[in-house]
Amino acid sequence: MDPVGEKEIRASFVNCSKGEASRINLPRELGELPWEDLDFLGWRDQGAPDRSYLVVPRADGLVGVTLRVPQGVRRSFTKTTVCSVCLTGHPGSGVSLLAARRAGASGREGNTVGAYFCADLACSLYVRGKKRSQLAARYEEALPVEERIARMTRNLDEFLEKVTAGASAARRR
């Protein structure tokens, strides 16, 4: 992923208003991120742990999505869970169910789309082996890294398609 700045990030959000996008807490270390190893920018809001954000480069530009941890979801601290984007297994709370309000009228009516993500949103680093899950016994895939990256990108694109389905051509409300 090419480095992006604050202005581009805030303008990319498709499922919140411009005012909401202007109040998003961006990652503090934005200039120090390993951009060459990222396929998307994902972060948890340090001030509001139930909020997360994704910014994904696509053919038609950046697409940003706000995410929330749904209330009342039970987590097991003893079971292994798998990220639905990068397919990395994590112990306990290493994977979180995150819900995105749909873009457009559907989202304004309260409709959401959910997926299980690595809790730290570092899928790109797990796929490349730059970061390791804390599972005691890890499953080692035979797929080459390039194919794992392509699979992760497809899974993320499928999620984004669900978020933006039915939204008007205009990204901003």
Side-chain angles (χ1 to χ4, degrees), residues 1-5 8-9 11-16 24 26-27 29-45 49-70 73 75-76 79-103 107 112-165 167 171:
M1 178 173 183
D2 292 329
V4 292
E8 295 89 359
I9 292 171
S12 73
F13 286 96
V14 297
N15 67 341
C16 68
I24 290 173
L26 298 179
E29 69 287 343
L30 196 58
E32 301 166 21
L33 293 174
W35 293 102
E36 64 279 355
D37 292 324
L38 298 179
D39 300 289
F40 65 90
L41 175 61
W43 73 98
R44 300 294 292 253
D45 189 327
D50 66 326
R51 296 182 190 168
S52 298
Y53 308 96
L54 294 176
V55 176
V56 183
R58 298 185 85 191
D60 57 345
L62 292 177
V63 174
V65 177
T66 62
L67 303 158
R68 289 197 180 244
V69 176
V73 174
R75 292 187 213 169
S76 171
K79 292 184 179 177
T80 299
T81 50
V82 176
C83 173
S84 62
V85 174
C86 68
L87 304 184
T88 299
H90 292 275
S93 61
V95 171
S96 292
L97 174 62
L98 298 177
R101 184 171 57 196
R102 287 184 182 264
T112 61
V113 176
Y116 288 93
F117 285 89
C118 293
D120 58 4
L121 296 168
C123 298
S124 296
L125 301 179
Y126 289 115
V127 166
R128 286 173 172 76
K130 304 279 181 168
K131 194 168 188 180
R132 305 283 294 172
S133 167
Q134 293 185 7
L135 277 178
R138 294 180 187 82
Y139 175 76
E140 296 296 328
E141 281 194 272
L143 280 179
V145 172
E146 295 78 23
E147 289 183 38
R148 285 184 270 168
I149 292 168
R151 179 185 61 200
M152 177 187 65
T153 303
R154 281 191 309 273
N155 292 341
L156 188 56
D157 282 343
E158 287 174 14
F159 175 73
L160 291 175
E161 288 299 322
K162 291 175 187 174
V163 172
T164 59
R171 287 187 167 177

Just verifying a value: how many Å separate [X] [atom1] and [Y] [atom2], rounded to the nearest 0.5 Å?
{"X": "Y116", "Y": "T81", "atom1": "OH", "atom2": "OG1", "answer": "9.0 Å"}
{"X": "F159", "Y": "S84", "atom1": "CZ", "atom2": "OG", "answer": "8.0 Å"}
{"X": "W43", "Y": "L33", "atom1": "CH2", "atom2": "CG", "answer": "10.0 Å"}
{"X": "L98", "Y": "T112", "atom1": "CG", "atom2": "OG1", "answer": "11.5 Å"}
{"X": "D2", "Y": "L38", "atom1": "CG", "atom2": "CG", "answer": "11.0 Å"}
{"X": "L125", "Y": "C118", "atom1": "CG", "atom2": "SG", "answer": "9.5 Å"}

Full working for salt bridge (Lys or Arg N to Asp or Glu O under 4.0 Å) between E161 and R58: CA-CA 11 Å; E161 288 299 322; R58 298 185 85 191; 2.7 Å; yes
Using side-chain heavy atoms (C-beta onward) and a distance below 4.5 Å, is [X] in contact with [Y]?
{"X": "W35", "Y": "L30", "answer": "yes"}
{"X": "R51", "Y": "T66", "answer": "no"}
{"X": "M152", "Y": "Y126", "answer": "no"}
{"X": "F40", "Y": "C123", "answer": "yes"}
{"X": "P57", "Y": "L62", "answer": "yes"}

Closest heavy-atom pair and its distance - V4, M1: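 It is CG2-CE, 4.1 Å.
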Non-hydrogen atoms of L54 and F13 that approach each other most closely: O-CE2, 4.1 Å
Report yes or no: does [X] contribute a side-chain atom to a donor-acceptor pair with the main-chain N or O of [Y] at less than 3.5 Å?
{"X": "N15", "Y": "V65", "answer": "no"}
{"X": "E158", "Y": "N155", "answer": "no"}
{"X": "T88", "Y": "C83", "answer": "no"}
{"X": "R44", "Y": "D120", "answer": "no"}
{"X": "S133", "Y": "G89", "answer": "yes"}

Pair D37-S124, side-chain donor/acceptor within less than 3.5 Å: no
